[in-house]
Protein chains: 2
Amino acid sequence: MERRKNLKIPEVTIRRLSAYLRCLVRAREEERNVISSSTLAKNCGVNAAQVRKDLAYFGKFGIRGVGYYVDDLYADIKKILGIDRVWKLALFGVGNLGTALLFYKDFLKQNYRVIAAFDIDPEKLGMGSIGGIPIFHPDELMKVHQEERIDIAIISTPVSQAQVVADRIIQANIRGVLNFAPIRLDIPEKFVVKNVFFTNILDNLVYLLCQQL
Amino acid sequence: MERRKNLKIPEVTIRRLSAYLRCLVRAREEERNVISSSTLAKNCGVNAAQVRKDLAYFGKFGIRGVGYYVDDLYADIKKILGIDRVWKLALFGVGNLGTALLFYKDFLKQNYRVIAAFDIDPEKLGMGSIGGIPIFHPDELMKVHQEERIDIAIISTPVSQAQVVADRIIQANIRGVLNFAPIRLDIPEKFVVKNVFFTNILDNLVYLLCQQL
DNA sequence: TAGATTGTTAATCGATTAACAATC
DNA sequence: TAGATTGTTAATCGATTAACAATC
């Protein structure tokens with residue numbers, strides 16, 4: 001299911017693929033066998049031609065006159081996105097946000113597994129584990145990483161610790177980083193970093209609210 | 001500082017404006033007086049012409065041969081985005097994520113104030129308040145909203161409660177909704193809803209990781 | 001004035017969508 | 001075959017960027 005030719009695939013297409021997947025999960029729960037591009041489009045708030053175009057980047061998944069088989073398309077999109085296997089997450093910073101992510105059920109529904117948590121607070125280290133996930137001191141990162149290859153690091157530390165943690169992640173060569181600390185980290189190009197800045201999202205929301213009035 | 005003519009402003013422009021603002025905050029901390037479009041661009045990872053174009057949608061803020069006065073541009077962008085005043089937030093669901101948001105310091109740095117939290121758990125209600133923020137039963141929403149106009153509702157409940165809470169928000173006519181529950185809510189068009197789906201963000205990260213290999 | 005940087009135009013690039021032949 | 005829906009093309013729409021006159 002690799003890309004056809006060597007077209008560059010727009011990032012928006014990838015984001016929409018995630019949305020289609022979410023919609024297919026529901027369709028499976030409702031035990032629908034087949035879904036059309038127009039139904040999929042309506043549910044995701046996009047154009048039907050766009051659904052077909054997005055999929056066409058990766059191959060032919062539908063049947064003319066019929067639509068898409070829900071189970072097949074579900075599996076195909078998972079494969080396209082690379083989430084047809086388990087991805088191992090490590091969490092840095094077991095505060096409120098970190099704990100929320102540890103217990104985040106949607107991760108488990110997909111193949112995302114938090115396999116280790118890191119913190120420097122002796123009280124938390126004393127607990128040994130939380131929700132079945134072991135808590136380590138960051139000094140032990142290399143050891144943990146060697147035993148059980150970490151795919152993605154989640155940074156949920158205070159701002160003051162975020163770059164320190166990032167440097168350790170770089171050192172361990174964990175290539176995927178999901179950063180929740182409201183600061184732009186200094187991380188080399190070859191790493192893939194996604195920032196989640198709540199304040200920016202609010203800014204965006206506020207702007208749209210102002211436009212309405 | 002309203003839009004010039006009646007050009008439609010791209011949503012990406014608004015998102016970038018937030019990024020420029022973040023950069024200006026830093027420039028202010030470093031007590032820089034003036035910043036050029038190319039510096040701003042480099043710091044935010046965009047093109048200098050784009051910075052100027054984005055700003056040009058809203059007016060002329062720079063001085064040829066000089067650049068932009070940091071303090072002025074900071075104030076101007078805040079005004080453009082509508083965050084030159086306090087925005088009152090109410091939080092629904094005081095679990096780990098909700099608590100994290102309650103204590104989120106970046107909100108305070110901007111003019112975002114969480115003024116009330118809502119939960120149905122008697123234990124939490126018994127606490128009366130958390131971090132200085134009063135906790136109410138959702139039944140009291142109307143009363144609280146009447147006393148102290150709520151601008152934005154944050155949904156950080158379990159999935160099972162999200163739509164129930166959304167319906168109350170609709171009823172109270174709170175027009176801005178920031179939803180963290182991993183479910184697409186049924187909310188009328190006139191409300192402004194932003195979803196934060198952690199799993200979708202991870203999906204995106206994973207796709208990019210796969211591309212590298 | 002000389003140097004620097006903006007604001008803006010025009011050219012380029014890329015993404016969306018309507019339309020329809022292919023085909024189940 | 002008739003009806004439906006895909007895959008794909010071509011047209012449209014929109015966003016990015018290079019380039020440069022305006023001007024501090």
Side-chain angles (χ1 to χ4, degrees), chain A residues 1 3-20 23-24 27 32-74 76-77 80 204 207, chain B residues 1 3-20 23-24 27 32-74 76-77 80 204 207:
Chain A
M1 224 62 49
R3 359 172 143 180
R4 303 164 74 208
K5 302 156 205 170
N6 39 5
L7 285 173
K8 214 184 137 279
I9 288 142
E11 181 135 351
V12 274
T13 288
I14 300 305
R15 273 205 290 275
R16 281 192 299 260
L17 250 29
S18 272
Y20 304 157
C23 182
L24 289 166
R32 305 195 53 184
N33 272 318
V34 165
I35 197 165
S36 67
S37 60
S38 56
T39 305
L40 213 34
K42 189 138 43 76
N43 289 338
C44 299
V46 302
N47 182 288
Q50 187 157 82
V51 172
R52 299 198 296 274
K53 192 86 202 280
D54 284 338
L55 293 171
Y57 282 114
F58 301 95
K60 302 180 186 186
F61 304 101
I63 295 154
R64 290 171 196 232
V66 178
Y68 302 87
Y69 286 116
V70 172
D71 284 346
D72 290 353
L73 190 58
Y74 174 80
D76 287 332
I77 292 183
I80 290 168
N204 209 218
Y207 177 79
Chain B
M1 225 62 49
R3 2 172 143 178
R4 304 163 73 210
K5 302 156 206 171
N6 37 6
L7 284 174
K8 211 182 141 281
I9 288 139
E11 181 135 351
V12 274
T13 288
I14 301 306
R15 274 205 290 273
R16 280 193 299 261
L17 250 28
S18 273
Y20 305 157
C23 182
L24 288 165
R32 305 195 52 185
N33 273 318
V34 164
I35 197 165
S36 68
S37 59
S38 56
T39 305
L40 213 36
K42 189 137 44 74
N43 289 337
C44 298
V46 302
N47 182 287
Q50 187 157 85
V51 172
R52 299 198 297 273
K53 193 88 204 280
D54 284 339
L55 293 171
Y57 282 114
F58 300 96
K60 301 181 186 185
F61 305 101
I63 296 152
R64 290 169 196 232
V66 178
Y68 302 87
Y69 287 116
V70 172
D71 284 346
D72 291 354
L73 189 59
Y74 173 80
D76 287 332
I77 292 183
I80 291 168
N204 209 217
Y207 176 79

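The figures here come from the full heavy-atom set of this structure, side chains too, leaving out hydrogens, waters and symmetry mates. Chain identifiers are assigned alphabetically (A, B, ...) following the order of the sequence lines, protein sequences preceding nucleic acid strands; residue numbering begins at 1 within each chain.
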Fill in the blank from the handout: Pairs under 3.5 Å (Watson-Crick or G-U), crossing ones as [ ], inter-strand ones as |: DNA chain C comes out as ..||||||||||||||||||||||
Rounded distance (Å) that lies between atom [atom2] of [N] and atom [atom1] of [X]:
X     : N      : atom1 : atom2 : answer
B:Q50 : C:dT12 : CD    : C1'   : 14 Å
B:Y57 : C:dT6  : OH    : C1'   : 17 Å
B:N47 : C:dT5  : CG    : C1'   : 14 Å
B:L40 : C:dG7  : CG    : P     : 12 Å
B:D54 : D:dT17 : CG    : P     : 11 Å
A:K53 : D:dT9  : NZ    : P     : 9 Å
A:L73 : D:dT6  : CG    : P     : 10 Å
A:R15 : C:dA15 : CZ    : P     : 12 Å

So, is [X] near the phosphate of [N], with a side-chain N or O under 4.0 Å from OP1 or OP2?
X     : N      : answer
A:R16 : C:dT16 : yes
B:K60 : C:dT8  : yes
B:S37 : C:dT5  : no
B:Y68 : C:dG7  : yes

Practice task
Please identify each residue that fulfils side chain to side chain contact (heavy atoms under 4.5 Å, CB included) with A:A19, with sequence neighbours left out.
Solution key: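 Side chain to side chain contact (heavy atoms under 4.5 Å, CB included) check on A:A19 returns A:C44.
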Handout entry: Closest listed nucleotide, where the reference is the side chain of B:S36 and the choices are C:dT16, D:dT17, C:dT5
Key =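 The answer is C:dT5, which lies nearest to the side chain.
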Exercise for the section: If a protein heavy atom is under 4.0 Å from the base, mark B; if only from the sugar-phosphate, S; if neither, -; do that for nucleotides 19-24 of chain C going 5' to 3'. Expected result: B-BBBB
With a 4.5 Å heavy-atom cut-off, do [X] and [Y] have their side chains touching?
X     : Y     : answer
B:Y20 : B:I77 : yes
A:Y69 : A:I63 : yes
B:V34 : B:V70 : no

Any residue meeting side-chain hydrogen bond (donor to acceptor under 3.5 Å, both in side chains) with [X], in chain and number order, not counting sequence neighbours:
X      : value
B:S36  : B:S38, B:T39
B:N204 : A:K194
A:Y74  : A:K78

Practice task
Would you please name every residue forming a salt bridge (Lys or Arg N to Asp or Glu O under 4.0 Å) with A:R16, sequence neighbours left out?
Solution key: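 Result, salt bridge (Lys or Arg N to Asp or Glu O under 4.0 Å) vs A:R16: A:D54.
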Practice task
Return the set of residues passing salt bridge (Lys or Arg N to Asp or Glu O under 4.0 Å) with A:D71 (not counting sequence neighbours), or none when no residue passes.
Solution key: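 So A:D71 forms a salt bridge (Lys or Arg N to Asp or Glu O under 4.0 Å) with A:R28.
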